[in-house]
2 protein chains.
Amino acid sequence: MVKAFVTSVDVAQRAGVSRSAVSRTFTEGASVSPEVRRKVLQAAQELGYRVNRLAQGLNNSSSNLVGVVGANLSLPFMAKQLDMLSIGLLRRGLQCLLLNAADARSDIAPLIELIFEFRARAIVVLSGEPPMSIVDECLANGVKLIVINRQLARSDTDIILSDDIAGATLAAERLKAAGCQKVAVVTSGSGTPTQLRRCEAFSDVMTAAGTDIVVWHDGPTTYETGLKAARELLSDRQIDGAFCVTDIMAIGFLDGARNDMGRRVPEDLSVIGFDDIPQASWRSYELTTIAQSFEVLTEAVLAALDHELGQSVITNVPVALIERGTVRR
Amino acid sequence: MVKAFVTSVDVAQRAGVSRSAVSRTFTEGASVSPEVRRKVLQAAQELGYRVNRLAQGLNNSSSNLVGVVGANLSLPFMAKQLDMLSIGLLRRGLQCLLLNAADARSDIAPLIELIFEFRARAIVVLSGEPPMSIVDECLANGVKLIVINRQLARSDTDIILSDDIAGATLAAERLKAAGCQKVAVVTSGSGTPTQLRRCEAFSDVMTAAGTDIVVWHDGPTTYETGLKAARELLSDRQIDGAFCVTDIMAIGFLDGARNDMGRRVPEDLSVIGFDDIPQASWRSYELTTIAQSFEVLTEAVLAALDHELGQSVITNVPVALIERGTVRR
DNA sequence: CTCTCCCTTGAACACGTGTGCAACATTGCA
DNA sequence: TGCAATGTTGCACACGTGTTCAAGGGAGAG
């Protein structure tokens, strides 16, 4: 350590006032005379003073940090979510403590522990399942817990869910309207609640309509998984429709169907995805998909930050069918 | 605030020892008897004690935080970079304070200010140009500054650069070998140092070889920009090669060339990109590109964290040509 | 038994801030 | 002039740690 940071004591000394005056100058709505304020600001400027947020946080036993737990940040859906969230937090004067769980199936408990240790104001879980015990600890310690698209059977936590069931139903109806006779459902082997819900809701509608369905699940939620699904499924030439529970897999599936399995889309095969990631609109795909508004989702998280502690607000992010070119009209 | 967190005083009381003993139990290499340690650990367990990292940081006037400044996190290149970096930091026992600059051209000074206020151990700049004054402040306050792919003419800062010049040269040689007669260079209008270097180095090689080149630049670094470039450039039917300084633009360019401008790739037109983002290997693109190893880049950043303060280490991340299918053989 | 040495323990301080409280200065009004 | 009311200022405390320092205690050697 070469030299310590400038403290409020230094500033006070230079300005010839008490340390309290310095603190008050930088505190919104505190009572300071214009004269003192001017002197303090000048001294602070000259010395290069910055508030020590650690001390600040220690003092009011809470920081402005918000812990964000995510995984697979390079997947488009997660990246987009994190991008918008981190901007929104910053705009609200909050800072984003990013904890990357690396693997979607890894245990996030130690990461949440870390967030506690920093006395963060809130925890946002984008990936993984928080252990139940955490919920109580959050409540006891005044930390807001916000859970996105996770299965968490608690009535005292903010939960934000994209409307998977409505979305999957929209997808099913659309494929039925396209006249599909035998339909594949493609999902990963990770078994996240979101994917399970989509899968199940879709299957329900289809079986109710008497349409043949075949469910395929394996591997992580990636492009390669979609590709693999196409190669394995499409040897069955009867399959003329597919619902991929995630755009990233849908895109892989499309590529496999066209390039490896010689299908024309949408003439021979209709494909529909979920999420509306940026790549879905790329010219090579023009993927018909179920969109969930990233704006609405982000706003919901930010709004949840202001909710009462222990209040349970379940926000459903609305979905909409985006017609592009991968389903027969 | 419903209730305060458990403190070391509470634990000490319960265990019937002094607070020092508690602190020592949780400090690596401190001297505690096995008996006391056991009692402390048990009490801590029962009460749910966690260290307060704010107090900890205040005490040793430095936190384990590392400030990361980025922008456009949803672009694949940035997302991948952030993903690997945040994992690496966590593995080393450091926490990632993510500051999203939103726009690549926006001023990052206030964000860096924030990092200072948190007494972070280091600042990693992935996007934007830090003001010169920051460099001195970092030095004065013992904060490590690590700059990635930025133009920063300082000899006392860690700078990590992908080898843009070598990469651009590789690209140029490859297009020459493909027999291209008139070549376009596609870059964004943002004028980031990396893009400028690639653009310039490529142009140098090509003009030296006497090959016709036309430089196009406009808009942000996005898919849409690449698309637009193709539409505007390819009315000129003489153009038979293109170097896009970023994969994301190369992919847009490819889509525009094939779908809007009726070009066959690589028969009529050779396209080469830079970065080797995940999408470049997707079956619909199979983009020939210049790869920079994300692993090497990340390792370089992590290694830089251990360097002496004020030491200048310029790391060149090596590049390699990845042959796929968009350049004629 | 005495002395030395080593290990363990608790008290006290420092880290930098926000704020309650009491003292003080100033103004307005009667 | 006297008094109340208002606005400003400094002192002192609390926030929760890690660490220095001196003291205590036990063991081993002479």
Side-chain angles (χ1 to χ4, degrees), chain A residues 1 3-41 43-44 47-65 114 116-121 141-142, chain B residues 1-40 43-44 47-65 114 116-121 141-142:
Chain A
M1 194 63 45
K3 177 191 160 253
F5 274 82
V6 177
T7 77
S8 57
V9 177
D10 302 332
V11 176
Q13 213 153 18
R14 172 142 192 155
V17 297
S18 82
R19 201 184 53 69
S20 309
V22 178
S23 178
R24 281 192 254 264
T25 300
F26 290 101
T27 311
E28 198 74 17
S31 158
V32 210
S33 69
E35 173 59 11
V36 170
R37 153 164 273 129
R38 198 191 51 73
K39 283 197 289 186
V40 168
L41 286 178
L47 294 175
Y49 168 72
R50 313 172 219 272
V51 183
N52 184 334
R53 298 234 173 200
L54 301 176
Q56 214 173 39
L58 173 58
N59 199 12
N60 20 293
S61 48
S62 158
S63 62
N64 281 329
L65 290 170
L114 219 41
F116 274 126
E117 293 180 4
F118 273 101
R119 302 301 189 257
R121 177 164 303 185
N141 293 316
Chain B
M1 193 63 44
V2 183
K3 178 190 158 251
F5 274 83
V6 177
T7 77
S8 58
V9 177
D10 302 331
V11 177
Q13 212 153 19
R14 172 144 194 152
V17 297
S18 79
R19 203 185 52 72
S20 309
V22 179
S23 178
R24 280 191 258 264
T25 301
F26 290 102
T27 311
E28 198 74 19
S31 158
V32 210
S33 69
E35 173 61 9
V36 170
R37 151 164 275 128
R38 198 192 50 73
K39 283 197 288 187
V40 168
L47 294 175
Y49 169 71
R50 313 173 219 272
V51 183
N52 184 332
R53 298 235 175 200
L54 301 177
Q56 212 172 40
L58 173 59
N59 199 16
N60 17 296
S61 48
S62 157
S63 63
N64 281 329
L65 291 170
L114 219 40
F116 274 126
E117 293 180 3
F118 272 101
R119 301 301 187 258
R121 179 164 301 184
N141 293 316

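Chain letters run A, B, ... following the sequence lines, proteins first, then strands; residues in each count from 1. None of these values were measured; they are calculated from a predicted model.
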J.: Using a cut-off of 4.0 Å between protein heavy atoms and nucleotide atoms, how would you tag nucleotides 10-19 of chain C 5' to 3' with B, S and -?
T.: BBB-BBBBBB
J.: What heavy-atom pair brings A43(A) and A15(A) nearest, and what distance separates the two atoms?
T.: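 Smallest heavy-atom distance, with atoms named: CB-CB, 3.9 Å.
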J.: Students often get this wrong, so: under 4.0 angstrom with heavy atoms, is S31(A) touching a base, only sugar-phosphate, or nothing?
T.: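 Result for S31(A) = base.
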J.: Donor-acceptor check, side chain of D10(A) to backbone of T7(A), threshold 3.5 angstrom: yes or no?
T.: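 Confirmed, D10(A) side chain pairs with T7(A) backbone.
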J.: Side chains of V11(A) and V40(A): closer than 4.5 Å at any heavy-atom pair?
T.: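 Of all side-chain heavy-atom pairs linking V40(A) with V11(A), at least one is under 4.5 Å.
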J.: Figure out the CZ/C1' separation between R37(B) and dC7(C), and round it to whole Å.
T.: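 My rounded result for the distance is 14 Å.
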J.: Separation of E35(B) atom CD from dT9(C) atom C1', in whole Å?
T.: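 Atom CD in E35(B) sits about 14 Å away from atom C1' in dT9(C).
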J.: Any non-hydrogen side-chain atom of R50(B) less than 4.5 Å from a side-chain atom of N141(A)?
T.: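 Yes, side chains in contact.
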J.: I need the single residue from Q56(A), R53(A), R119(A) that forms a side chain to side chain contact (heavy atoms under 4.5 Å, CB included) with L54(B). Which is it?
T.: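 With L54(B) as partner, Q56(A), R53(A), R119(A) yield a single side chain to side chain contact (heavy atoms under 4.5 Å, CB included), made by R119(A).
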